[in-house]
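Read through the structure below, which is laid out as structure tokens, and then see the notes.
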Amino acid sequence: MIKRIFLFILITFPAFSQNINVNNIEIIRDNYGVPHIYSETDKELAYGLAWVHSEDDFKTIQEAYLAGNALLSKHIGLRGAPVDFLTQLIRSNEVIDSLYGSIDKKFLEVAEGYAKGINRYAKLNPDQVLVKKLFPITPKKMLKYSFLQLFISSEGDRAVRAIFENDFESLNFQRRNELGSNLFSFSTKKTKNGETYMTINTHQPLDGPTSWYEVHLESKEGTSIIGATFAGAPCILTGTNKNLAWTHTVNRPDKTDIFQLEMVKNSKRKYFFDNKILKLKKYRGKAFINILGIPIRISKKYYSSIYGPTLKNKTGFFSVRSGSLFKIRGLEQWWKMNKARSFDEFYSILEMNEIPGYNIGYADKDDNIFYISNGLIPVRNNKFKWTGVLPGNTSETLWTEYYKTHELPQVLNPESGYIYNANHSPFKSTSIDENPNPQDFAPNMGFETFDNNRSTRIFELIESHKSIDYKVFKKIKYDNKFPTPFNYNFMDVNNIMEMKPTEYPDVADLIEQIQNWDRSTDVNSTGAGAYAMFYYTLADKYFYKSYYDRNFSKSLIADCLVEVKKRMKKYFNSTTIKLGDFQKLVRGDKEMPIFGMPDVITAMNASTYKDGKVQVTHGESYIQLVKFSSKGTEIESIISYGSSDNEESPHYNDQMELYSKFKTKKMSFDKDYVLKNARTTYNPK
């Protein structure tokens, strides 16, 4: 009898893994190793996503979750301690426990499916586990990482650092805007051919927890989407389904505030608030460092006030308050965006207001195009100046409400037929006469008002065409020229174009190269090579020194060029250097010259490599070009390296050649096409 029951279980419930039927999950890897996952349910789909991403980059997924669960220092020691303290400071355990019941039960099933996929992979590959204490992964552990990331994306980490360093001036310091992204959409009002276009063009790190992973997801519960996600996320974070597409760029309205508490004299933890005396809650954050291979636990005190996480420095007690500290359903909102079928449905999902930031660009098969500067922006008291440290002793500064989605800067279906953003002002997101009016928004919302090189160039290219077909659309996407004049939002280097070479004989040849340059950042351009070496020298040597005026003078530029010339002679034995000889795309045994520079449309940012060269580490990462036409939804895509972080995989760096030549690969919802281009087909375990 027992044998019969056991046999019945085997027949009726084949290949189950923790209540997941893996036989319902089909994984098809295409010729580039991109996974196409088909399943019965969304929960099974999430299991499949967790499985394939673990196959390709289990280490990064773990490092992400370690950071979100205050265990990163267990893995990397002292370097992980600041992140572990930050995770504890924002009290993710308490917040997630208190709000967990508000999460859609259907999304929790998806999160559970993803967690089970990660845990199953870890169980079958114990040699790849970094810290045993992290496991098993649970939905709450996943949410802790999301909670941390969205706090950081709200610039909460900058606020915490300012308190630690007692340097609040740094919050007003305009940073280099070299890591931003682009988005633009065109309706038939601009294409004039019955086709609607959108580009997904995020500029992210090429490696690490916020680098992109491409995947195609299909379930019989209505999910059908091609796009990209980050390590540890159970859904697509930017992509295209059969009906619509959306993407993000980083925005920087004022999402986070710092408050100085008024402490009661001779009291260590009491502070004034209105006519009351309140007491700080005290906690102790823990982290680990390794000394001679021995893990040593270290700790630091932190506090919580009525405003939020609180720290003490040499001048007093300061609290941080951000909308991201009161929301935990961001991943749920993204998952629902995956499944949206129309603009109205998509917009209603945005009204959840759980994602605390990011510009959103949108296009769909019904020819709708849309832009919004999204965010959890507090409704603040106009009595106060919100750009500095606020008094933390009055309910007048204790905001509790946020602007609703329809109250944020946005553009829907403009007559111009286009929307765009390149991390610049939301008040410059379409044609001049159709832009949102800054007068309609409270100044203390803190929206950007500047342009940059990318936004300037995108606008002038769009406006130079009466109509835009797909060929022109791609040409705009892959444009790699600076505008004239340069329009950095964080510095002015235009004096370099006004310098008379004869007045600077030591660097006259470099000045002439740059001044005669066509401003394109092609690999074979010597003008781009000279300018790139100038840019990185200027940035590294002068930019972060506050005593320099960032409207850089001719004399300082000349001094910088002297340094550039020394480096050219030392490392290249020449003063005529092509950009591709200086700047490389490198992974594994592949090294190739690469286009782009910070703040051109095809943006690239590089770090020191070897022999005087630089290696691209941020910039053009996941690219998706979308066309909605009578043929349906058509997609091209490319990623900087390949689909796998496993050095032994043939897909570790197999997209680099296409990427470096501005080429793409076709992606399709047609399963017959997917099967025709299949490299392997299998089920997870």
Side-chain angles (χ1 to χ4, degrees), residues 63-74 79-100 102-103 134 138-165 168 171 209-210 230 232-233 254-261 269 280-288 298-313 317-333 353-358 375-378 389-390 392 398-400 402:
E63 288 174 339
Y65 287 156
L66 288 169
N69 289 273
L71 291 169
L72 190 60
S73 62
K74 279 265 190 183
R79 289 183 295 120
V83 177
D84 287 354
F85 278 128
L86 183 63
T87 297
Q88 294 166 84
L89 174 68
I90 62 178
R91 305 300 297 162
S92 58
N93 281 335
E94 290 182 5
V95 177
I96 288 168
D97 284 345
S98 68
L99 296 176
Y100 197 71
S102 68
I103 299 172
L134 176 64
T138 65
K140 285 188 177 182
K141 288 181 180 180
M142 294 166 60
L143 290 172
K144 287 177 192 176
Y145 174 57
S146 171
F147 191 71
L148 172 65
Q149 276 287 17
L150 292 177
F151 178 69
I152 292 171
S153 76
S154 298
E155 302 196 282
D157 60 325
R158 286 190 75 208
V160 170
R161 177 176 288 186
I163 296 171
F164 263 118
E165 298 177 353
F168 301 105
L171 294 174
T210 56
F230 289 157
D254 191 352
K255 293 174 272 193
T256 300
D257 294 313
I258 300 175
F259 304 86
Q260 183 167 17
L261 304 182
R269 290 165 52 195
L280 291 169
K281 294 179 181 179
K282 185 173 75 171
Y283 305 94
R284 188 166 289 277
K286 302 170 185 176
F288 294 85
I298 58 175
S299 65
K300 181 175 178 61
K301 287 186 290 187
Y302 65 94
Y303 308 87
S304 178
S305 75
I306 195 170
Y307 289 94
T310 302
L311 293 166
K312 181 184 179 182
N313 66 23
F317 286 81
F318 296 84
S319 298
V320 176
R321 190 172 183 83
S322 169
S324 66
L325 293 173
F326 305 95
K327 303 276 189 173
I328 67 167
R329 296 172 63 200
L331 282 175
E332 177 191 332
Q333 182 173 332
N353 211 19
E354 291 284 335
I355 298 173
Y358 306 114
L376 274 172
I377 314 299
V389 177
L390 281 300
L398 185 67
W399 48 258
T400 58
Y402 312 97

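Each residue takes its place number in the sequence, starting with 1.
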So, does Arg321 use its side chain to make a donor-acceptor pair with the main chain of Tyr307 at under 3.5 Å?
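Checking the backbone N and O of Tyr307 against the side chain of Arg321, a donor-acceptor pair under 3.5 Å is found.
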Spell out, as yes or no, whether a donor-acceptor pair under 3.5 Å connects the side chain of Thr256 to the backbone of Asp254.
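Checking the backbone N and O of Asp254 against the side chain of Thr256, no donor-acceptor pair under 3.5 Å is found.
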Is there a side-chain contact between [X] and [Y], using heavy atoms and a 4.5 Å cut-off?
X: Ile377; Y: Lys255; result: yes
X: Lys74; Y: Leu134; result: no
X: Leu398; Y: Phe259; result: no
X: Phe317; Y: Ser305; result: no
X: Ile328; Y: Lys140; result: no

Check [X] against [Y] and note the closest heavy-atom contact, atom names and distance.
X: Phe147; Y: Ser92; result: CD2-CB, 3.5 Å
X: Lys327; Y: Gly323; result: CG-O, 3.6 Å
X: Glu63; Y: Leu72; result: O-CD1, 3.9 Å
X: Gly80; Y: Ser73; result: C-CB, 3.9 Å
X: Leu325; Y: Pro309; result: CD1-CD, 3.7 Å
X: Thr210; Y: Gln149; result: CG2-NE2, 3.5 Å

At what distance, to the nearest 0.5 angstrom, does [atom1] of [X] lie from [atom2] of [Y]?
X: Glu332; Y: Ser146; atom1: CD; atom2: OG; result: 11.0 Å
X: Ile103; Y: Ile96; atom1: CD1; atom2: CD1; result: 8.0 Å
X: Asp157; Y: Leu86; atom1: CG; atom2: CG; result: 6.5 Å
X: Thr87; Y: Leu148; atom1: OG1; atom2: CG; result: 4.0 Å
X: Asp84; Y: Leu89; atom1: CG; atom2: CG; result: 12.5 Å
X: Ile90; Y: Ser322; atom1: CD1; atom2: OG; result: 9.5 Å

May I have the step-by-step check of side-chain contact (heavy atoms from CB on, under 4.5 Å) for Ser154 and Leu376, ending in yes or no?
CA-CA 9 Å; Ser154 298; Leu376 274 172; over 6 Å; no
Can you confirm whether Arg269 is buried at CZ, in the sense that more than 12 heavy atoms of other residues, nucleotides or ligands lie under 6.0 Å from that atom?
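Enclosed: over 12 neighbouring heavy atoms sit under 6.0 Å from CZ of Arg269.
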My understanding is that only residues two or more places apart in sequence, or in another chain, count here; which of them pass ring-ring contact (aromatic ring centres under 6.0 Å, His included) with Phe318?
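Checked Phe318 against ring-ring contact (aromatic ring centres under 6.0 Å, His included); matches are Phe168.
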side-chain contact (heavy atoms from CB on, under 4.5 Å) for Ile298 and Lys286? Distances and angles first, verdict last.
CA-CA 6 Å; Ile298 58 175; Lys286 302 170 185 176; over 6 Å; no
Does the side-chain contact (heavy atoms from CB on, under 4.5 Å) test come out yes or no for Leu143 and Tyr100, once each step is laid out?
CA-CA 9 Å; Leu143 290 172; Tyr100 197 71; 3.8 Å; yes
Among Lys281, Gln88, Arg91, exactly one meets side-chain hydrogen bond (donor to acceptor under 3.5 Å, both in side chains) together with Tyr302. Which residue is that?
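Of all the options given, the one that passes is Arg91.
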Step-by-step side-chain contact (heavy atoms from CB on, under 4.5 Å) determination, Phe151 to Val160:
CA-CA 11 Å; Phe151 178 69; Val160 170; 4.2 Å; yes
Distance under 6.0 Å and angle within 45° of the ring axis: does Lys312 meet both against Tyr303?
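Here Lys312 fails the 6.0 Å and 45° test against Tyr303.
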Describe, in one word, how the ring planes of Trp399 and Phe326 are oriented to each other, choosing from parallel (under 30°), tilted (30 to 60°) and perpendicular (over 60°).
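Because their plane-to-plane angle is over 60°, the rings of Trp399 and Phe326 count as perpendicular.
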